[in-house]
Number of protein chains: 2
Amino acid sequence: MTRIRERNRAIILIAASEEFARKGFAAARTKDIAARAGVPKPSVYYYFENKESLYADVLESVIGPLLQASEYFHKDCIPMQVLTCFIRARVQLARDLPFALKVLVSEIMHGGERLRPEQIDRISRQELYNVACLQTWIDRGQIAPIEPRHLLFTIFAASQNYLDLEWQVTSHTSDGLPGDVCYEAITQNLLRMVLKACEPDVTEPQGEARALTIEQ
Amino acid sequence: MTRIRERNRAIILIAASEEFARKGFAAARTKDIAARAGVPKPSVYYYFENKESLYADVLESVIGPLLQASEYFHKDCIPMQVLTCFIRARVQLARDLPFALKVLVSEIMHGGERLRPEQIDRISRQELYNVACLQTWIDRGQIAPIEPRHLLFTIFAASQNYLDLEWQVTSHTSDGLPGDVCYEAITQNLLRMVLKACEPDVTEPQGEARALTIEQ
DNA sequence: GTCTATAAGCCGATAGAC
DNA sequence: GTCTATCGGCTTATAGAC
């Protein structure tokens with residue numbers, strides 16, 4: 001039966017996400033992953049090819065939802081609305097898949113060498129599209145001239161700072177996960193920072209900016 | 001002679017910074033650190049107690065300069081000037097000690113378990129002081145009510161995104177380090193984001209904010 | 001599908017010659 | 001101080017019984 005297979009794969013994948021999130025790929029032990037999942041170690045190798053494959057599958061579990069958060073990006077939508085939806089989706093992703101997202105952020109921060117070429121490709125394409133979108137808005141004068149990749153990276157890193165601050169005394173629920181208050185606060189702070197920063201300077205409009213802004 | 005000792009320690013420390021920055025503590029090999037430093041592996045253990053001690057010393061090499069960047073924080077200084085100096089100092093630190101800083105950021109993002117208690121203490125104290133400073137400004141209405149720790153973390157993470165974007169095609173110098181243009185762009189973007197976000201809303205001043213703002 | 005018992009190899013750390 | 005040669009422990013991964 002394939003039902004039991006799917007279930008066990010899911011259980012191991014979640015355990016792996018947590019172990020990889022806490023210790024990183026190299027330091028995480030398959031023994032600990034198995035223990036956390038409540039299965040003997042060989043089961044991990046029965047359901048996954050090896051440790052690297054398991055790691056790549058953890059990354060895969062979050063890449064789809066991550067890219068989906070970018071679906072709001074369209075050149076002809078209102079920039080502030082797009083950014084608002086985008087940031088909300090990203091923070092919600094951090095709430096839904098905190099560990100897997102942390103693994104991905106850490107992986108990208110370390111060069112992405114363990115991402116499959118196809119995964120790198122999908123992320124890069126989306127990134128390029130989002131950058132092009134932001135650049136268009138900048139050229140039109142709809143948003144301030146902020147380097148698009150820096151902006152996207154800041155959102156990427158900040159959207160999950162809920163977990164990165166856990167080593168300090170913060171408000172946590174009993175099971176060790178940050179409470180909803182925390183997520184809403186992060187959303188509000190990030191929204192404010194990004195939207196304020198992106199507000200175009202009315203004192204120095206760029207070229208044809210005026211006319212196009214009115215069209216919008 | 002202690003001169004040769006200091007020199008070799010420094011060489012190994014730099015090599016270790018680079019290896020730890022690229023691979024993390026667990027994945028970095030002392031063999032590779034020795035090779036990068038151009039010394040045989042036992043020399044690493046002659047000059048440092050063990051791998052963990054070497055790692056802690058790498059962190060130590062950047063904690064001092066990191067805390068020094070906070071020297072501008074004083075309750076009675078002008079918030080925007082403090083933040084400007086602080087951000088400039090942080091980005092400059094990222095230029096001066098890119099690898100060691102990356103190790104520290106990664107370490108803190110993973111819970112700081114490998115920081116010595118005394119190192120955690122120093123960082124926490126400075127953090128608490130900076131947070132208190134920001135909170136005072138918020139209470140006085142001098143800056144917008146942005147959660148101080150989120151703001152500090154965003155600056156912390158964003159100030160070194162030069163290296164985190166290296167897996168994409170960016171402008172690098174021949175030796176693989178980002179050029180100065182990149183640093184200035186990061187500084188400008190970060191300054192804009194933070195300063196804009198911190199501008200107090202004149203439309204909704206808080207309580208005694210007016211009077212105190214004028215005093216300043 | 002599940003699990004015990006073990007193989008094979010790598011890595012941190014050191015002994016000891018120079 | 002410097003380096004070769006090696007040990008001991010730990011980890012991934014699997015063989016093979018149930």
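Only heavy atoms go into these numbers, but all of them, side chains included; no hydrogens, no water, no symmetry mates. Note that the structure is a prediction, hence the values are computed from the model and not measured.
Side-chain atoms of B:Ser43 lie closest to D:dC3 of the nucleotides C:dG12, D:dT12, D:dC3. Closest contact between the side chain of A:Pro42 and the listed nucleotides C:dT2, C:dT4, D:dT12 involves C:dT4. The side chain of A:Pro40 lies closest to C:dT4 when the candidates are C:dT4, D:dT12, C:dA13. In the set D:dT14, D:dA13, C:dC11, C:dC11 carries the atom at the smallest distance from any side-chain atom of B:Arg29. Of the candidates C:dA5, D:dG1, D:dA13, the closest approach to any side-chain atom of B:Tyr47 belongs to D:dG1.
Among the atoms of the strands shown, none is found under 4.0 Å from any heavy atom of A:Phe48. The residue A:Ala28 sits close only to the backbone: its heavy atoms come under 4.0 Å of sugar-phosphate atoms, none of a base.
Using a 4.0 Å cut-off between a side-chain N of Lys or Arg and a carboxylate O of Asp or Glu, A:Asp32 and A:Lys23 qualify as a salt bridge. Under 4.0 Å is where a charged nitrogen must lie from a carboxylate oxygen, and between A:Glu60 and A:Arg122 at least one such pair does.
Per the geometry, CZ belonging to B:Arg5 stands 9 Å off P belonging to D:dT2, to the nearest Å. In this structure, the OH atom of A:Tyr45 is 15 Å from the C1' atom of C:dC3, given to the nearest Å. Distance, A:Tyr46 OH to D:dC18 C1': 14 Å, rounded to whole Å. Summarising the geometry, the separation between OH on A:Tyr55 and C1' on D:dT11 is reported as 18 Å, rounded to the nearest angstrom. Atom pair B:Asn8:CG and D:dT2:C1' shows a separation of 10 Å (rounding to whole Å applied). When the C1' atom of D:dT14 is taken as reference, atom CD of A:Glu49 falls 14 Å away, rounded to whole Å. For the pair B:Phe25 CZ and C:dG12 P, the computed distance is 8 Å after rounding to whole Å. If you measure from atom CG of A:Leu54 to atom C1' of D:dT11, you get 15 Å, rounded to the nearest angstrom.
Formation of a donor-acceptor pair under 3.5 Å by the A:Asp121 side chain with backbone atoms of A:Pro117 is not found in this model. No donor-acceptor pair under 3.5 Å is formed between the side chain of B:Lys41 and the backbone N or O of B:Ala35.
The residue among B:Gly38 and B:Lys41 whose nearest nucleotide of DNA chain D is located toward the 5' end is B:Gly38.
Screening B:Arg9, B:Lys51, B:Arg114 for a salt bridge (Lys or Arg N to Asp or Glu O under 4.0 Å) involving B:Asp57 leaves a single residue, B:Arg9.
Side-chain N/O atoms of B:Lys31 and base N/O atoms of C:dG12 include no donor-acceptor pair closer than 3.5 Å.
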